[in-house]
Every structure is written in C-alpha cells, then in structure tokens.
Amino acid sequence: MIRVLIIALALIGFSTIAKAQDADLSILGNLVSEYFKAASVSDLNLRESALSNLFDKQGTMDAVILRQGQSSTLTEGTWGEFVEKSQGFYNSYQVEFEESEREVEYYLDMANVHCLVFQNSKEKASGSIYYQKLWMQFDVIFKSDRWFIDHVIWINESDPYPIQNALLQDTIWHQTAE
Amino acid sequence: MIIKKTYVVLIGLVISTLMSFGQSTPIEACDDFFNSLSIESPTISNLFTRGAHITSLVYDSAGLPQNKSFTPAEFQTQIQSLSNDFNIDQKPVVLIFRQYQSLASIYCSVWITLTDKETGKTLKSRSIQSLKFVRDSGAWKINHIVIQNEHPNYPIDDEMFPIKLTQPLESRMTQDLSVMPDFSTEYDTNKVYRMEEVDEPPVYPGTDNSLSDLLQSFDVTTQPSPGYTPFIITIDEDGSAYLSYAHDLSGFQISRAESLVRSMLIWYPAIKYAASVKCKLILYIHD
C-alpha cells in the first residue's frame, strides 16, 4: 500500500514537471506563470529541473532583503546557486506564490516584466503561515522560438512603505546639454 | 597630532560624502554610467555590484537572436577596445523609471554615436536597455543590464525617440563632423590611412570581379545597407590584410569576417608620397 502511495506521489510530481515543460514558452505570460509554479515545488530535484527549463544557461537570480530599519542586503548568484542555497528554507517551509499585478515593457527579443507577488510560506513543523509581498522583476530574452529568463531580482515590502508604489512609473525625458 | 588625525578623518568624510553624493539617486547612477562610457579609456567596473552581469542580444547569420553575457570587467574591456578607434557617445533618451526603497529599474532608449578618431566618419546606432539598480552600502550601483540594439526591420517606437529630443543629437553629429581635424597633409609610416587620403588606393589582384565575387561569397558589401554590420580590414604596407575592427559583430560574423580575410590574396598596397602605406577599408557583413 505504501509502495503504491509512493509511486502515485512520484507520478504526480513528474506530471507537474511534464505540464511545466508542455507550457507554450513562446508566450511571455506562460514563462512568468511557470516560474511561480516551479519556485513553489518542494522537492529539490524537481524544482531544479523545472527552473532549468525556464532559465537561460547563464541566468542569474538576485534578491534585496529589506529590514524594518530600511537597511538592506543584496544576494547575487546564478539560479543554480540560489536553488542550492535556498534548500534549507524549502526543507522547513512549503512556499506558494500568488501574483497580483503584472506590467511589461518589451522591444523585439527582450522584455522587462514587473510583478507584485504574495509569497506564502507555511512552516512544515508548526503549520504557521507567514506571508510577505514582493516586487519581482524579470529580464527575459527570446531565442530558439521561446522566452528564457535571463535575470530575476526581487525586494520584499517593509512597513510603512506600501510596495504597491513600486509600479508607479515615471517617464523621464533626458535633456541633452548643448 | 590630534589636529592631524581630525584633518584626516575630515578628508575621509568629505571624500565618502562626495562619492555617495555622486550616486545618491538611481538616475544619477544611470547618468554616471552613460557619461563614463563617453570618456577616453572608460572605467566602469566600480559602477556595478559585485555579481552584476550585462547581457547583449546579437543576431547570427540566419537572423536568429543569440545572447552574450559579460561581467562588468569584460564589458569594460570591450568598451575600452572600442574607444581606441572611436569617440563613443551614449545618451539615454527616454527613461521609464520605477523604484521601491533599495531597488530601482530603468527601461530606456539609448542614442549611440561612434566617431572614427581618424576619419571623423560617424556611425549612429540606437538601442533599448533595461537597467537594474541596487543601493549598496549607501551608493546606487548597477546590478544588471540587458541591451537590445535596434533592428533595421523593426524600428523602435517613436515614443522612445521623440523628435524633440533626437533633433539636437542629430545636429550635434553634424557639428562633430565639421570640427574634425584634417589629417590629409600629414605623413606617418605608422598611420593607417583611409581610402580618400592615399594617392593610390590598395588594389586587389586578379580580374575586375575578383574582389566583388569574394565579398559576395561571404555576404559582405562595401556600402552600408539595412541588415549589415560594419567592420574594418587593414591592408598593410606589404599587401597583407587583417581584421582591425570587429567589435560590433557577433561571434559568428567575426568568424566569417576572419575567413574572408584569410581567403584574400596579397593586395597591391596603397601609395602615399610614392611609398607603400597602411590603408583601411570599411566593409559591411550581413547580420
């Protein structure tokens, strides 16, 4: 009975990955949605496999951690390094992402995607749920008939500054001195 | 002694204040970056975070996009190499700016002018660039850049290059050309002359069609046209040809340009004041 359960769970896992790979990544929106699905996968190998399908080989993944006193820490690295370093967090928490807003600028084979996202983290041991709001920015490129993530960076919300303001854009005309 | 110490501390404070003042907003950091690219032998690595990358999109011979990734140090080397031959002027035109606390994003159009230091010939290029900025130890630094040059078949929207802003840039290009010094009366054995400066231009051996047939077989032309990228070959005093400027080319284009040069026979070199001199040719290779 246990063996059947394990096989069933494995099949569900593989089917999730298969669906991720089946998504039409020539559509920019699918790439972003698939990222949030992949980043929610608990199993390290499955998460790594799903993300490897989305990132360019040289893709990078950075984070700005903002604290209450408004001091911040920057973490930089390849997406592979991030998967490796975040393993401890994923061991303790079940992570889910819920995208609330998205804005895109693009020209030809590059696009710049801004997302406001709720990240829900459920502590596996206690069942306690923690959530934070993030501003995530994706730099994506189009090659080989599909989109790839070249770079992703995010910052968390910190009181009393609403992260919603991140999407308020200014258009600036740069004056050239004569 | 105490006075000396105080003096040193004060100088330190002034320097650190000046340094942080220089990049106290992401817009200022952006200006610092583009202004730095326009000076002789630019130093730009210090404007980036430690793990920063620059991604540039280029096209192969089939017109398919390929991305090249550079560290700031590698990017600096590329720019310095380009600045050996050209005066570089990069100006952001329209910037779409977003910021939340220590993270900022600028999506902008960029006007690029390359002026050949010897001939004064000016090449114009336009691009869209996506820059990410992070406040790191009090100063704003660049965390990532993606550069997409304009494709002649897909011009960038006029909203990103409004005429009101591009007209002064166009007119400045014309002014730059008019103030370029005239080198034509100088004779220098180390100088690489342009075709218009020599008494007799270099001649490719064989029939009248030998050179044009060779260029055609590598999809190379002598005249600029949409979809073609410029590069320079130099014909030495002994008639041998070599690739002297290929920085705008993709890896595939460079290998094709190198094959072209290797396939060339020995030229009859250019003549100036009855002597053989170095001479350069600007050619254009298909994207």
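No experiment lies behind these values; they were computed from the predicted model shown. Quick note on labels: first sequence line is chain A, next is B, and so on, each numbered from 1.
Across every non-hydrogen atom of H174(A) and P92(B), the tightest pair is CB-O, 3.1 Å. Taking every heavy atom of both residues into account, S102(B) and I155(A) meet most closely at N-CD1, 3.8 Å. Residue A104(B) comes nearest to W135(A) through the heavy atom pair CA-CH2, 4.4 Å, listed as atom of the first residue, atom of the second, then distance.
Proximity to chain A is limited to the side chain of L57(B), based on heavy atoms less than 4.5 angstrom apart. With a 4.5 Å cut-off on non-hydrogen atoms, T49(B) touches chain A through its backbone and its side chain both. When heavy atoms are compared at a cutoff of 4.5 Å, T171(A) approaches chain B by way of both its backbone and its side chain. For a residue to count as touching a neighbouring chain, one of its non-hydrogen atoms must lie under 4.5 Å from one of that chain's; by this rule H151(B) touches chain A with backbone and side chain alike. The contact between D170(A) and chain B is made by backbone and side chain atoms together, counting heavy-atom distances below 4.5 Å. For Q164(A), no part lies near chain B; criterion is any non-hydrogen pair under 4.5 Å. Contacts of D31(B) with chain A are made by side-chain atoms alone, with heavy-atom separations under 4.5 Å and no backbone atom involved. Both the backbone and the side chain of I163(A) come within contact range of chain B, with heavy atoms under 4.5 Å apart. Interface residue Q99(B): only backbone heavy atoms are found under 4.5 Å from chain A. Using a 4.5 Å cut-off between heavy atoms, I106(B) does not touch chain A at all.
Among the candidates V64(A), N165(A), L108(A), L168(A), the residue making the largest number of heavy-atom pairs closer than 4.5 Å to chain B is L108(A). Contact tally against chain A (heavy-atom pairs below 4.5 Å) for H53(B), R50(B), Q148(B), Q66(B): the top residue is Q148(B). Most heavy-atom pairs under 4.5 Å with chain A, from the set I128(B), D157(B), I27(B), I147(B): that is I128(B).
Residues W173(A) and K164(B) form a side-chain contact, since some pair of their non-hydrogen atoms from C-beta on lies under 4.5 Å apart. At least one side-chain heavy atom of M110(A) sits under 4.5 Å from a side-chain heavy atom of Y107(B). A heavy-atom distance below 4.5 Å is found between the side chains of Y100(B) and L66(A). Side-chain contact between H114(A) and S105(B) is present, with heavy atoms from C-beta onward closer than 4.5 Å.
The stretch residues 71-78 of chain A places S72(A), L74(A), E76(A) near chain B, each with some heavy atom under 4.5 Å from a heavy atom of that chain. By a heavy-atom distance cut of under 4.5 Å, not one residue of residues 80-98 of chain A is near chain B. Contact annotation for residues 140-153 of chain A against chain B (heavy-atom separation below 4.5 Å, listed by residue number): I141(A), F142(A), K143(A), D150(A), H151(A), I153(A).
Within a 6.0 Å radius of CD1 in I163(B), no more than 12 heavy atoms belonging to other residues, nucleotides or ligands are found. Residue K57(A) places its NZ atom among 12 or fewer non-hydrogen atoms of other residues, nucleotides or ligands, all under 6.0 Å distant. Counted within 6.0 Å of OH on Y106(A), heavy atoms from surrounding residues, nucleotides or ligands total 12 or fewer; the atom is thus considered open.
Once rounded to the nearest 0.5 Å, the distance linking CG of N143(B) with OG1 of T60(A) reads 7.0 Å. Rounding to the nearest 0.5 Å gives a distance of 7.5 Å between CG of D56(A) and OG1 of T55(B). Here Q101(B) contributes atom CD and E157(A) contributes atom CD; the two are 10.0 Å apart, rounded to the nearest 0.5 Å.
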Taking only distance into account, with no hydrogens and no angle test, what donor-acceptor pairs under 3.5 Å do side-chain atoms of residues 130-137 of chain B form with protein atoms, sequence neighbours excluded?
unit_1	atom_1	unit_2	atom_2	d
S130(B)	OG	D139(A)	OD1	2.8
K132(B)	NZ	N112(A)	OD1	2.6
K132(B)	NZ	Q137(A)	OE1	2.9

Worksheet entry | Q169(A)/F97(B) under side chain to side chain contact (heavy atoms under 4.5 Å, CB included): CA gap, chis, key distance, verdict | CA-CA 5 Å; Q169(A) 65 184 56; F97(B) 174 74; over 6 Å; no
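Y107(A) places a side-chain N or O within donor-acceptor distance of the main-chain N or O of Y154(B), the cut-off being under 3.5 Å.
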